[in-house]
Amino acid sequence: MEVVNRYVATRHHIVGAPTEADFEVKEETARWAPDSGEVIVRNLYLSIDPYQLNRMKRISASHLAVDSILPAQRIAAYAAGEVVASACEEYKAGDVVAGVLGWEDYTLFKPSPAVLMSKVADAADAGFPLSHHISVLGTSGMTAYGGLFEVGKPVKGEKVFVSAASGSVGSLVGQFAKIAGCYVVGCAGTQAKVDLLKNKLGFDDAFNYKEEPDLKSALKRYFPDGIDVYFENVGGEMLEAALANMNTYGRVALSGVIAEYTGGGRRRGAGPAGRDLQAHHHPGLLRLGLPAQVRRVQRHHRRLDQGGQGQGGRGRVRRTRERPVGVRRALPRPERWQEAR
Ligand SMILES: NC(=O)c1ccc[n+]([C@@H]2O[C@H](COP(=O)([O-])OP(=O)(O)OC[C@H]3O[C@@H](n4cnc5c(N)ncnc54)[C@H](OP(=O)(O)O)[C@@H]3O)[C@@H](O)[C@H]2O)c1
């Protein structure tokens, strides 16, 4: 079987903020054979995440954890799709899968324990739309769940601060923390996002960090009694300001430092506040893809969803975006990585 496969590739290593000109759509013939042991998937939904920027650089500390993305090569990414043909018993044509696929129309993979892939039949039976499998049930949901509950360990009544709070991870963290009975404040970069956090996603409060001349004082204003759990998505000055406001025995879940992915020479650590970070619980989140953890996340989200959106109701957790993407949409606006959701 042969199919024409269009895939998105970088033209060169990315420096700074990416633009459309840094990418191109390439075409190849993908071949699947019945004796190959391979599965060929038509991709339907794709997750485009900030960490991929670091993979696209010539040099990045992230390359120690994930493969780098080389110019002209296909880009592996978390996605959901439908099996077109399969040469192994585990999968059959028509199965719907979610896992590491790619920025392309079709992806071929050979099942093995090292390949992060699962059939979505069970959760689909529970009524989750397919797009949930790359968002709430995908890496964003795993990061939010693992970071908040397994690292942050929030206790009812505690004060939680979330940065990049309107993003795919932050928006879930805030909602989970509210469900856990915490007081939650988020920061975001526009008034529209601040309104979204307060009026739709149920945050207790939110502020526009771009309008705050002094982040340390801003956080002191929102957390006069200090922060118990900080969910860190941004880095740099935001991390310094949050650390300056942490309570004794507070916990910091380090999810990422997005402010520094496109900032060229800007520093990567917490600067002078780095030693304060040592005082807080901050294990990394690199092992979130373990199957047991995926199952825990799915059980957790299914409980939240009971009688909820899967059955046509509203559920208890809202996502800030739902739009079919597909490979055609992956190319045009990579700069949206830094934009509103
Ligand atoms: N998605 C995942 O699966 C995943 C997994 C592990 C770790 N992470 C980490 O989680 C963090 C958030 O990822 P995400 O997937 O939620 O991203 P996202 O949905 O793409 O949202 C990112 C948001 O970050 C904010 N941002 C961008 N530049 C910023 C800056 N210079 N200073 C402050 N905020 C900035 C922007 O919102 P504003 O307009 O509000 O600034 C942007 O909308 C990243 O550090 C990422 O590396 C993500």
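All ligand and atom numbering here is 1-based and tracks the order in the structure. Values below: all heavy atoms of this structure, side chains included; hydrogens, waters and symmetry mates excluded.
- For ligand 1, the polar-atom distance check against Tyr51 finds no nitrogen or oxygen pair separated by under 3.5 Å.
- Those atoms of ligand 1 with a heavy atom of Lys193 less than 4.0 angstrom away are 36 (C), 37 (O), 38 (P), 39 (O), 40 (O), 43 (O).
- Contact annotation: for Thr262 versus ligand 1, there are no heavy atoms closer than 4.0 Å.
- Among Asp22, Val15, Leu70, Ile75, the one residue that satisfies the side-chain contact (heavy atoms from CB on, under 4.5 Å) test with Met56 is Ile75.
- Proximity of Tyr78 to ligand 1 is not established, as no heavy-atom distance is less than 4.0 Å.
- With a 6.0 Å radius and a threshold of 12 heavy atoms from other residues, nucleotides or ligands, Glu27 has its CD atom above the threshold.
- Polar contact check, Ser168 against ligand 1: a nitrogen or oxygen pair lies under 3.5 Å apart.
- Taking only nitrogen or oxygen atoms, main chain and side chain alike, Lys210 does not reach within less than 3.5 Å of ligand 1.
- The ring of Phe207 has its center closer than 6.0 angstrom to the ring center of Tyr222.
- In terms of polar-atom proximity, defined here as any N/O pair under 3.5 Å, Gly167 makes no such contact with ligand 1.
- A salt bridge between Arg74 and Glu28 is present, with a side-chain N of the basic residue lying under 4.0 Å from a carboxylate O of the acidic one.
- Not a single heavy atom of Thr190 sits closer than 4.0 Å to an atom of ligand 1.
- Under 4.0 Å is where a charged nitrogen must lie from a carboxylate oxygen, and between Asp204 and Lys198 no such pair does.
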CA sep, side-chain torsions, deciding dist, call: Lys119, Glu90, salt bridge (charged side-chain N to carboxylate O under 4.0 Å, His left out): CA-CA 9 Å; Lys119 285 201 241 182; Glu90 219 174 320; over 6 Å; no

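- In terms of N/O distances under 3.5 Å, ligand 1 is approached by Val169.
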